[in-house]
2 protein chains.
Amino acid sequence: MSTSRTSTPQTAGAGARSTLTRARVLAEAVALADSEGLGALTMRSLARELGIEAMSLYHHVASKEDLLDGVAEVVVREILDAVGALEPAPEDTPPAEWKHALRRRILTARSVLLRHPWAPSVLETRTGFSPYVVRYHDALVALLHRGGLSYDLVHHAMHALGSRALGFSQELFDPGGPGGDPAAAPEPDDEDLLARLTDEAPHIVAMLAEVAHVEPDSTLGWCDDQAEFEFGLDLILDGLERLAARGSR
Amino acid sequence: MSTSRTSTPQTAGAGARSTLTRARVLAEAVALADSEGLGALTMRSLARELGIEAMSLYHHVASKEDLLDGVAEVVVREILDAVGALEPAPEDTPPAEWKHALRRRILTARSVLLRHPWAPSVLETRTGFSPYVVRYHDALVALLHRGGLSYDLVHHAMHALGSRALGFSQELFDPGGPGGDPAAAPEPDDEDLLARLTDEAPHIVAMLAEVAHVEPDSTLGWCDDQAEFEFGLDLILDGLERLAARGSR
DNA sequence: CTGTAAGCCTTACGCCGTAAGGTAGGCCCC
DNA sequence: GGGGCCTACCTTACGGCGTAAGGCTTACAG
C-alpha cells in the first residue's frame with residue numbers, strides 16, 4: 001500500500017488512493033461503527049484506523065458532530081441508492097399503487113439500516129436537514145400526494161410514520177436493539193427476571209405465554225422485529241388509505 | 001460543612017433532611033436535567049448541586065448508567081402517579097371503553113414527558129426492565145385484552161405503539177425536540193434553508209405551503225406536535241379497533 | 001526564488017467517568 | 001466500655017474524550 005516511493009510526483013488528482021478525503025474519512029467511520037459499535041467511533045480511534053493523527057481529521061470534518069452528520073448522510077445516501085435501484089421515480093409510479101410503493105420503499109430503507117444497527121441512534125439525533133434525508137422524504141410526499149391524499153393528510157401521514165419512514169422505530173425493551181454497541185447484551189439472570197415479571201406484569205406474561213414465538217419458560221426469546229415492523233407499518237398505511245378514501249379529511 | 005452544628009446528634013432517622021439518599025440524588029438529577037439539559041447532568045455537576053463531592057455519589061448509585069436508570073424510573077413513576085390519579089384500574093374500566101381508556105392513559109403519559117423534554121432520549125436508551133415501565137405496559141396489555149383483543153393482537157399492538165405507548169415518538173426534523181439540550185436550537189439562516197428546500201424537495205415545500213399552520217415564507221414555524229401525536233395515535237388505535245372487530249386477526 | 005496554502009503532526013487544556021484509598025463518626029457485641 | 005465494623009463522606013489520580021493553538025513539510029503559483 002504505497003509504501004515505496006513516498007514522494008511520488010503524482011498530482012493526487014483523480015483517483016489518488018493515498019490522499020485522504022472527507023469521503024474516505026466518512027467511509028472509514030461507517031466501517032468502524034459497523035465493526036466495533038458506535039461507542040468505539042472516536043476521533044482518536046478513527047484516526048488510528050486511517051493511519052493518521054486525531055487532529056488531522058479536522059482538515060476533513062469540522063467537529064465530531066460534523067463527522068456524525070456526515071456518517072448519517074452516508075447511510076441515507078445508501079438508502080437512496082438502494083431505493084433508486086429498485087423503484088421507479090414517484091412520477092413513474094401509477095398513483096393507485098401509492099401504498100405498495102411506499103411500503104416497498106420503506107422496507108428497502110429498513111433493509112439498509114439492518115446492515116448498520118447503530119444508524120438509528122445517529123439518525124435520531126440529527127435534527128438538521130441533510131439534503132439526502134430531505135430528498136428521501138420528498139419522494140414519499142410525492143407518492144402520497146399523487147396517490148390522491150390531500151397535502152393536509154400527507155402532512156399528518158408523515159408525522160404518523162415518524163422514524164418508520166426511514167425504516168426504523170424505537171422499541172422500549174429491545175436488548176441489543178438500535179443501541180449501537182453490539183457488545184452490550186444485557187442478560188441478567190433470566191430466572192429472576194421472569195419471576196419478577198410474573199407478579200409485576202401478569203398480563204404481559206400471560207400474553208407472552210400465548211403468543212407463539214416465545215416460550216416464557218425458556219430464556220426470553222425476542223420478537224420477530226421484521227414482522228412487527230411490517231405490522232405497525234401496514235396498520236398505519238391501511239388507516240391512511242381509509243382516510244384518503246373517505247375524502248381527504 | 002453545613003455551617004452551624006456540624007455534629008448534630010440526630011440519628012438521621014426518619015425524615016432527616018441532611019442525609020443524602022438515593023431518592024434525593026435522583027430527584028436532584030431530574031431537577032438538574034430539567035433546568036440545564038441532559039448534557040449538563042454529570043457526576044461532578046450533580047455533586048456540586050448537592051453540596052458534596054462527585055465520588056460521594058457512588059455511595060448512592062453504582063455508576064452513571066445506574067443514575068440514568070434511576071432517573072428514568074423517577075420519570076416513569078411520575079407517569080404512573082399521574083395516570084393513577086386520573087384513571088380507574090384496568091379491572092374497573094368497562095371493557096368496551098378500552099380505546100378511550102388507552103388513549104387517555106397515553107396522553108397523560110405524554111403530558112408528564114412534556115415537563116421533562118430530555119426524558120425520551122433517556123428512556124430510549126434504557127433497555128432494561130424497570131419495574132415501573134413494566135407495570136405501566138402491563139396495564140395497557142390488560143386494557144387491550146379485556147377490550148376483546150386476542151393476546152396475539154395485543155402483542156402486535158404493543159409493537160405498533162412502540163414508544164408512543166409512553167407518550168412520545170421520535171420525529172426526524174424536530175429542532176429542539178426530544179434532544180434534551182434546550183440551548184441547542186439549530187437555526188441556520190432560514191432564507192438559505194428554504195431556498196435549498198425549494199429545489200431539493202419541491203413536494204414538501206408544496207405541502208407546507210398548503211398546510212394551514214405554516215407560512216412557508218416566514219421562518220419555518222413548526223408543527224403542532226400534540227395534534228400530530230394524537231393523529232398518529234388515533235390512526236393506530238382505530239386500526240386496532242377494526243382488526244379486533246373482525247375477529248382476532 | 002519566494003509566498004502561500006494544504007495536509008499532517010505535536011503539545012496541551014479542560015472536561016468526563018471512576019478506581020483506590022483515606023478518615024471520622026455511629027453502631028453492635030463481647 | 002472498648003474494639004471492630006459500617007456508612008458516608010473526602011482526596012488524589014488515571015486514562016480517555018473532543019479540540020484549541022501552533023509548527024513542520026511539501027506542492028504549486030507568481
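Rounded to a whole Å, the OH atom of B:Tyr58 is 15 Å from the C1' atom of D:dC10. The nearest whole Å value for the distance from the CG atom in B:Asp66 to the C1' atom in C:dG17 is 14 Å. Per the geometry, NE2 belonging to B:His60 stands 7 Å off C1' belonging to D:dA8, to the nearest Å. Put simply, CD1 on B:Ile52 is 14 Å from C1' on D:dT11, counting in whole angstrom units. One can place CD of B:Glu65 at 17 Å from P of C:dC16, the figure rounded to the nearest angstrom. Straight-line distance from the CG atom of A:Leu41 to the P atom of D:dG18: 8 Å, rounded to whole Å. Atom C1' of nucleotide D:dT25 and atom NE2 of A:His59 are separated by 12 Å, given to the nearest angstrom. In this structure, A:Lys64 atom NZ and D:dG18 atom C1' are separated by 8 Å, rounded to whole Å.
The main-chain N or O of B:Asp34 is never found under 3.5 Å from a side-chain atom of B:His116 such that the two would form a donor-acceptor pair.
Considering every non-hydrogen atom in both B:Leu113 and B:Pro120, the closest pair reads CD1-CG, 4.5 Å. Scanning all heavy atoms of the two residues, the minimum distance from B:Thr42 to B:Lys64 falls at CA-NZ, 4.1 Å.
The side chain of B:Arg44 contributes no N or O atom lying less than 4.0 Å from OP1 or OP2 of C:dG17.
Base engagement by B:Ser56 is indicated by at least one non-hydrogen atom pair under 4.0 Å involving a base atom.
B:Ser111 and B:Thr108 form no side-chain donor-acceptor contact under 3.5 Å, judged by distance and modelled atom types alone.
Projected onto DNA chain D by closest heavy-atom contact, A:Ala62 and B:Glu53 fall at different nucleotides, the more 5' of which corresponds to B:Glu53. Both A:Ala40 and A:Met55 lie close to DNA chain D; mapped to their nearest nucleotides by heavy-atom distance, the more 5′-ward contact belongs to A:Ala40.
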